[in-house]
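Here's the structure, in structure tokens; my notes come after.
Chain A is the first sequence line, chain B the second, and so forth, proteins listed ahead of strands; every chain is numbered from 1. Because only heavy atoms are used, hydrogens play no part in the values below, and waters and symmetry mates are left out as well, while side chains stay in.
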Amino acid sequence: MITVNINGKDIKLEKAVTVLEAARSAGIKIPTLCYHEQLEKYGGCRLCLVEVEKMPRLQTACTLISADGMVIRTETEQLAEVRRGILEFLLINHPLDCPYCDKAGECELQDLVEKYGTAKGRYMEKKRTVPESLEDPVIVRNMGRCIACTRCVRMCEGVQGASAIAVINRGGHSHIEPFSGGRYDCEYCGNCVSVCPVGAIMSRLHRHSYRPWQVKENIETVCPYCGVGCTVILQVRDDVIKRVVPRIGSVVNNGMLCSRGRFGYEFVGNRERLTSPLIKKNGVFEEATWEEAISLVANRLKEARDGYGGAAVAGIASPRCTNEDNFIFQKFMRVVLGTNNIDSSARTGYAGAQSFIENISGQGATANIIAGLSNSDVVLVTGGDPTTVNPILGLQIRSCAGKGGNILTVGHVRGLRHFNPAELRPALFTETLLLEGILHSLKNTKELPGSNPKFEAKIRELNISPEDIIKTCGVSEEDFNGFLKKLSGAANPAIVIGKELIQSIGSSYKLFLVLAINYLINGRVYLLSERANEQGLIDMGCTPDSLPGCRPVAYAEFRRRYETAWKTTIPDKPGLSIFEMMDSAGSGALKAMYIMGENPLFNLPESHASEAALKNLDFLVVQDIFLTETGKLADVVLPSLGWSEKEGTFTNMERRIQRLRKAVYRDGMEDWKILSEVAKNMGVKFNYADAEEIFNEISRVSPLHRDLTYNEIEKGNALYPYKGEPLRGVMEDIVSHKGDRLDAGDKLYLGLERPLFHSGTLSTKASALLHIYPEAVATISPSTAEKFSLKPGDKVRVTTGAGSLSLPVAVDDAVHGSLVMITNNFEGKGAFALIKYIADPVTKAPVIEGIEVHLEKDGTV
Amino acid sequence: MLSEAAIKEIEAIRAKYPTARAALLPAIYVAQREFGWLSPEAYEAVSDILGIPKAIARGVATFYAMYRHRPMGRNVVQLCTNVSCMILGAEKLVDFLKNRYSLEPGGTDPDGRFSLVIMECIGACGTAPAMLVNEDFYENLTEKYIEEILGKYK
Ligand code: SF4
Ligand code: SF4
Ligand code: SF4
Ligand code: FES
């Protein structure tokens with residue numbers, strides 16, 4: 001125990017913190033500028049100087065570590081004088097353009113000068129001037145205002161790990177610039193903007209459109225984009241979101257955001273939003289009243305159900321909708337329409353992979369705390385770049401490296417390249433072999449722990465000769481051995497599994513191998529999730545084979561619980577998967593579909609086949625916030641309220657349930673409300689006053705959510721398994737599929753790019769993200785560019801067995817020489833249009849590997 | 001693109017220092033020599049070899065005035081105009097360079113043959129005026145002597 005005395009007050013400290021922290025803990029304020037709690041200490045601005053007895057000079061409180069018996073004074077005449085002087089110096093080069101500056105009102109410099117500064121400056125010389133930089137579409141720099149505190153640089157380098165900006169020049173001329181001096185070429189997390197104490201770097205999105213004091217409410221909610229589920233605070237003026245900021249101390253993202261979360265909110269007010277129900281008459285949409293639209297939907301669904309039975313209707317739920325929406329969706333399908341034909345885009349990877357993992361490792365095996373990654377000593381990354389798919393999770397891996405942990409990657413992971421990764425880059429199509437090699441070698445050094453006999457039996461069956469592996473995979477023996485040494489020596493390891501692995505040839509077998517590796521090193525598994533409520537939708541029972549709480553529909557004892565609660569009977573056979581739905585719609589067996597917040601035409605392989613299938617339906621209703629490609633095929637389109645316009649909950653990839661809040665008002669109904677109206681028109685009463693009532697029902701019927709309330713969630717501890725034991729389901733046989741290894745040869749193949757700046761098509765409705773990443777491109781390696789005499793911006797036609805796209809070329813040296821990378825984010829230009837539906841027979845995930853691409857210069861577009 | 005030899009040179013420099021950052025300044029010199037100035041490509045090349053983010057490399061280099069932060073002529077004349085040199089007529093030499101070679105302080109002649117950088121002391125006060133042409137040192141300058149010297153540089 002240490003005791004220091006500050007301003008005559010004795011303060012007891014558990015450990016030796018800085019004098020600044022000690023003072024703050026006792027409610028004593030010391031002025032600071034370069035200090036920021038998220039950043040490494042710097043001691044540059046000298047504003048926090050304090051007097052310490054027995055020390056000859058003034059000391060910076062932000063760096064001085066308290067020692068027992070220290071006597072400190074923070075407010076004296078001498079200190080006031082010094083602070084006045086420092087502030088006067090800071091203002092020498094400052095333009096004093098507060099009336100025009102967006103920061104005014106929340107500017108730390110302004111506040112300090114107001115409190116400690118002089119009323120009048122004495123400086124007579126010319127000021128340094130740096131012109132305003134508007135070269136970047138998202139971040140504006142007014143470097144005349146920069147006080148060189150380096151908070152932004154320490155953020156970008158030390159916490160974000162992007163190192164995209166630096167102090168340039170020297171002395172009075174120093175200020176901050178990105179590499180180009182103009183436009184940023186960075187991760188656009190905006191975390192530098194968060195920490196700048198003055199108005200030197202700011203977001204252009206809300207430029208000159210409001211003053212900080214005009215924000216009446218700060219509404220805390222959850223980011224709409226990925227499965228990390230970051231806490232965001234929406235600052236709203238007149239029902240328009242002006243700014244999205246993080247909160248320091250929030251449990252998932254602790255003061256950090258990624259580009260999508262911070263700058264991707266503009267879709268909310270996008271003019272293309274649907275405003276009225278649409279009914280297609282003679283092939284064209286006409287605006288309709290809600291009554292008209294809802295009774296039409298109810299009648300047509302009733303016709304299909306009564307005429308052909310529940311098996312002839314199907315529904316697709318949404319990983320962008322709340323738990324409450326999805327719960328009501330599956331209840332509507334099961335109770336009103338009498339079908340288990342419920343699925344979602346989670347089927348393209350996450351859902352199948354998760355059941356596979358849970359079958360082997362137990363339910364909840366993927367529900368691990370994201371922040372825990374940074375405390376691992378080894379993180380093994382497979383299946384792509386976590387720093388673009390789940391950026392805030394990516395930061396935890398970077399932070400692990402920063403703390404001295406080892407990052408191991410299978411394949412090249414660009415976002416981790418500056419974090420000293422041990423990298424094994426297997427040759428094309430040899431990843432399976434490499435994983436086998438790793439497992440084999442581990443098996444020789446590690447005992448099987450004996451806790452999962454069924455699994456161990458399978459592991460023992462493997463018979464691999466590792467010598468050939470190293471040769472075939474093209475990795476060096478030295479690298480391989482180094483990698484293994486780190487892996488097998490890990491005390492607290494974690495394995496990250498991304499979609500590139502799940503959507504590859506033999507993905508279930510690869511998953512099996514990765515899980516076996518994980519079993520041997522006793523690690524934790526993180527399954528990356530691209531959508532905000534992908535996990536929630538599964539837990540809500542929006543899958544053909546399970547009820548809310550992940551209870552298999554095939555078991556009568558599980559069904560009974562819901563049948564009693566809902567006073568109905570639930571079909572005992574699992575329903576159709578999303579892919580089977582398309583097949584049955586195509587063949588005519590399926591008659592009607594209800595699609596909520598999903599665009600299967602775009603998000604499933606073989607869009608031509610899906611299009612024909614959906615057109616073949618007797619009736620299609622699509623409920624969404626925008627008119628999507630799928631919506632255009634519908635008979636009725638229903639506009640719903642979107643993120644930030646309604647209450648509810650999301651479940652993130654840790655299976656943490658978090659509250660979503662309404663921040664802006666918009667006319668319309670929530671998805672659950674629309675469904676309830678349709679139900680009512682079909683003679684079934686869904687009486688819910690609000691989202692909370694639905695949640696209360698969820699916590700009554702779903703064993704996974706037992707006793708959970710909104711109150712409890714607000715406390716931030718609604719984590720799976722809630723107040724209970726992990727629910728190990730019935731372990732089924734472990735079946736996996738290895739697939740045939742392709743020979744790479746000299747061909748080009750399709751790769752799916754998962755960009756940091758987009759998520760589905762939603763982000764393309766947010767103008768800032770479009771400015772950063774404006775259009776679909778085909779990204780190729782420099783060697784491919786040379787071979788085809790292509791340069792950036794040239795148009796190419798990319799053709800596969802499934803389709804063809806004309807795209808501009810981008811060249812990137814991080815791209816594999818045999819791959820052509822295309823995103824699936826831009827309508828009409830999505831990679832999935834080039835993919836045939838060939839799936840792993842076990843996980844059912846589509847295979848996006850080994851798809852041959854024909855590339856040709858395209859002069860016509 | 002850096003030549004193979006330059007890449008080797010930077011790697012050799014890297015090997016002499018405990019950390020990549022410590023090797024940054026000399027490595028940047030090599031790239032500057034290869035590219036003629038610290039162009040974006042020069043920074044990128046150094047960044048790739050040393051594994052230091054390019055924005056950081058640029059930030060470090062801009063601290064130092066003696067790197068070439070702008071494109072320069074094929075030869076760089078660095079003339080001192082500090083006290084001793086000034087007293088012994090360096091300013092006249094500046095005028096001479098302007099009139100005879102169209103060379104302004106901080107500028108490059110129209111042919112791109114020379115750039116002129118005005119230096120603070122280069123440690124030749126006893127033999128002032130003095131200048132550097134590229135890495136060659138010349139003292140006791142006169143107009144005639146300068147003509148003779150510069151004739152050697154194409
Ligand atoms: S936006 Fe993020 S990555 Fe870009 S400069 Fe700022 S902190 Fe760095
Ligand atoms: S831009 Fe802002 S945060 Fe960065 S050094 Fe200048 S004042 Fe500090
Ligand atoms: S990491 Fe995911 S949840 Fe967090 S801000 Fe980014 S997109 Fe949103
Ligand atoms: S806050 Fe302590 S020196 Fe800046």
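Of the residues considered (B:Ala65, B:Gly59, B:Ala61), B:Gly59 shows the highest number of contacts with chain A, using heavy-atom pairs under 4.5 Å.
Listed by chain and number, the residues in a salt bridge (charged side-chain N to carboxylate O under 4.0 Å, His left out) with B:Glu139 amount to none (sequence neighbours excluded). Applying the salt bridge (charged side-chain N to carboxylate O under 4.0 Å, His left out) rule to B:Arg113 yields no partners; only residues at least two apart in sequence or on another chain are considered.
Contact of B:Ala57 with chain A is not made at all, since no heavy-atom distance falls under 4.5 Å.
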Enumerate, including both backbone and side-chain atoms, all donor-acceptor pairs under 3.5 Å from chain B to chain A.
from	atom 1	to	atom 2	distance (Å)
B:Arg21	NH1	A:Glu157	OE2	3.1
B:Arg21	NH2	A:Glu157	OE2	3.0
B:Arg58	NE	A:Phe179	O	3.4
B:Arg58	NH1	A:Glu177	OE1	3.1
B:Arg58	NH1	A:Pro178	O	3.3
B:Arg58	NH2	A:Glu177	OE1	2.6
B:Thr62	OG1	A:Asn169	N	2.8
B:Phe63	O	A:Arg170	NE	3.1

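Along residues 144-154 of chain B, no residue comes nearer than 4.5 angstrom to chain A, judged on non-hydrogen atoms.
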